[in-house]
Number of protein chains: 2
Amino acid sequence: MRHLADQIEVMKNKGFKVTHQRLVVLDYLQHSKKHPSAEMIYNDLKEKYPTMSLATIYNTLEMLMKINLVVDIGAPEERRRFDGILVEHSHFFCTKCGKIEDLTVPGIEQLFEKAKAAHPGTINHCRLDFFGFCEECQAQEEQAVE
Amino acid sequence: MRHLADQIEVMKNKGFKVTHQRLVVLDYLQHSKKHPSAEMIYNDLKEKYPTMSLATIYNTLEMLMKINLVVDIGAPEERRRFDGILVEHSHFFCTKCGKIEDLTVPGIEQLFEKAKAAHPGTINHCRLDFFGFCEECQAQEEQAVE
DNA sequence: TAAATATTGACATTTATTCTTCTTTAGTCT
DNA sequence: AGACTAAAGAAGAATAAATGTCAATATTTA
């Protein structure tokens with residue numbers, strides 16, 4: 001599931017067409033650490049692909065989520081934010097400035113397995129998120145108190 | 001932080017007024033296991049409090065989140081869903097029917113502590129969520145394959 | 001290469017959430 | 001207790017993210 005060729009296979013197997021636009025969005029997401037919103041993707045891609053519409057970005061994201069190549073990270077903002085880097089990792093959300101950081105906390109795997117075993121249905125994805133102040137906002141906060 | 005009197009203290013200490021509406025919303029959330037949206041809260045409360053407006057629900061929720069008496073559980077839906085029961089627990093989201101279940105997975109505490117220690121800023125809240133098919137949807141899925 | 005079918009893109013629409021204005025209330029001071 | 005002031009509430013309008021529509025176009029498969 002790491003190479004584009006594999007992902008093209010996944011799309012085909014699930015009955016979806018492999019379009020230029022889909023590959024562009026997928027490639028963008030897999031090389032971005034920005035956790036972009038649909039509109040950020042649109043803005044970044046429209047320079048190179050000026051005819052691509054925002055609706056296509058939404059359609060493509062929905063389709064990529066359906067086949068589990070992209071996830072909605074559940075950011076506490078109006079806009080949905082997406083991640084195409086599916087190596088297991090957590091997110092940290094700064095509740096002051098809105099920054100989103102990647103974070104690796106060892107031990108999620110075990111919890112995931114425990115939950116799978118305990119749940120009567122099927123669990124196929126988990127997320128572990130943290131909320132607080134990032135380093136910069138925390139420093140500002142401490143200055144304000146002085 | 002379990003009794004209403006304590007929560008009133010929190011509101012006062014942070015400089016917020018303790019209004020009838022705020023207490024009603026807080027009480028509702030702390031006794032509901034529905035993980036309600038703002039509109040669900042509004043609909044449930046308007047029978048008893050017909051003059052309360054939806055905007056007040058939103059304002060109150062935002063304020064209660066600010067003082068950490070309520071959390072947005074980050075449900076994968078258009079509508080935001082809230083939880084006022086702050087005993088540490090996880091959520092399971094059925095990606096087929098949208099059902100939200102409470103789930104307790106032992107071991108989050110340790111991950112939380114690890115993350116706190118590793119992060120340069122301040123972490124004051126974490127969430128561990130699971131996604132998949134609930135028991136009923138899984139059963140339906142299996143029938144469909146036959 | 002052509003037919004059948006799925007996807008794209010521009011625009012219209014929906015609707016969750018926020019904003020605005022005016023009125024009411026909570027908390028405080030005398 | 002009565003009055004003051006700033007915050008909060010009510011009601012409805014405004015905003016904008018996200019989705020739906022549909023003709024035009026691209027892709028697949030034979």
Side-chain angles (χ1 to χ4, degrees), chain A residues 7-26 28 35-43 45-67 69-82 98, chain B residues 4-5 7-28 35-67 69-82 98:
Chain A
Q7 292 150 1
I8 290 176
E9 265 323 294
V10 176
M11 283 194 216
K12 280 187 180 166
N13 288 342
K14 302 264 180 174
F16 293 104
K17 292 191 176 165
V18 179
T19 67
H20 184 57
Q21 290 87 337
R22 286 171 176 180
L23 293 180
V24 166
V25 171
L26 186 57
Y28 174 89
H35 313 95
S37 66
E39 198 161 26
M40 286 160 79
I41 300 171
Y42 175 65
N43 286 331
L45 292 181
K46 79 175 167 196
E47 293 171 28
K48 222 171 162 180
Y49 309 95
T51 68
M52 196 146 73
S53 89
L54 185 55
T56 298
I57 305 285
Y58 276 109
N59 290 336
T60 301
L61 285 169
E62 195 172 329
M63 178 267 179
L64 290 174
M65 286 197 291
K66 217 175 266 169
I67 61 175
L69 293 181
V70 167
V71 297
D72 176 346
I73 62 173
E77 298 187 5
E78 331 79 81
R79 289 181 188 163
R80 290 156 79 194
R81 305 287 291 259
F82 302 89
Chain B
L4 201 57
Q7 292 149 1
I8 290 176
E9 266 322 296
V10 176
M11 282 194 219
K12 279 189 179 162
N13 288 342
K14 303 264 179 173
F16 294 103
K17 290 187 176 170
V18 178
T19 67
H20 184 56
Q21 289 90 333
R22 286 173 173 176
L23 293 180
V24 167
V25 171
L26 186 57
D27 180 73
Y28 175 90
H35 312 95
S37 66
E39 198 161 27
M40 287 160 78
I41 300 170
Y42 175 66
N43 286 332
D44 286 352
L45 292 181
K46 80 175 168 195
E47 292 171 30
K48 221 170 164 182
Y49 309 94
T51 68
M52 196 146 71
S53 89
L54 184 54
T56 298
I57 305 285
Y58 276 106
N59 290 336
T60 302
L61 285 169
E62 193 172 332
M63 176 267 179
L64 291 173
M65 286 197 290
K66 218 175 268 170
I67 61 175
L69 293 181
V70 167
V71 296
D72 175 347
I73 62 172
E77 297 187 6
E78 331 78 83
R79 289 179 188 165
R80 290 155 78 193
R81 305 288 291 263
F82 302 89

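It should be emphasised that the depicted structure is a prediction, and the values quoted were computed from it without experimental measurement. We use all heavy atoms of the structure for the numbers below, so side chains are in, but hydrogens, waters and symmetry mates are not. By convention in this document, chain letters (A, B, ...) are assigned in the order of the sequence lines, proteins followed by strands, and residues within each chain are numbered from 1.
- Distance alone, capped at 3.5 Å, is enough to place a donor-acceptor pair between the A:R22 side chain and the A:K17 backbone.
- As rounded to whole Å, 18 Å separates atom P of D:dA7 from atom NZ of B:K14.
- The main-chain N or O of B:H35 is found under 3.5 Å from a side-chain atom of B:R81 such that the two form a donor-acceptor pair.
- Put simply, CG on A:L23 is 10 Å from P on D:dT27, counting in whole angstrom units.
- Proximity of A:F82 to A:V71: side-chain heavy atoms (C-beta onward) are nowhere separated by under 4.5 Å.
- Nucleotide D:dG12 holds its C1' atom 16 Å from the CD1 atom of B:I57, rounded to whole Å.
- The backbone N or O of B:T56 sits less than 3.5 Å from a side-chain atom of B:T60, completing a donor-acceptor pair.
- Nucleotide D:dG9 holds its C1' atom 14 Å from the CG atom of B:L61, rounded to whole Å.
- B:L45 places its CG atom 13 Å from the P atom of D:dG9, with the value rounded to the nearest Å.
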Per-nucleotide protein contact string for nucleotides 4-17 of chain C (B base, S sugar-phosphate only, - none; heavy atom under 4.0 Å): -BSSSBB-----SB

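- Atom pair B:I8:CD1 and C:dA26:P shows a separation of 12 Å (rounding to whole Å applied).
- In this structure, B:M11 and B:L64 have side chains that are in contact, with non-hydrogen atoms separated by less than 4.5 Å.
- Here the side chain of B:D27 pairs no donor or acceptor atom with the backbone of B:L23 at under 3.5 angstrom.
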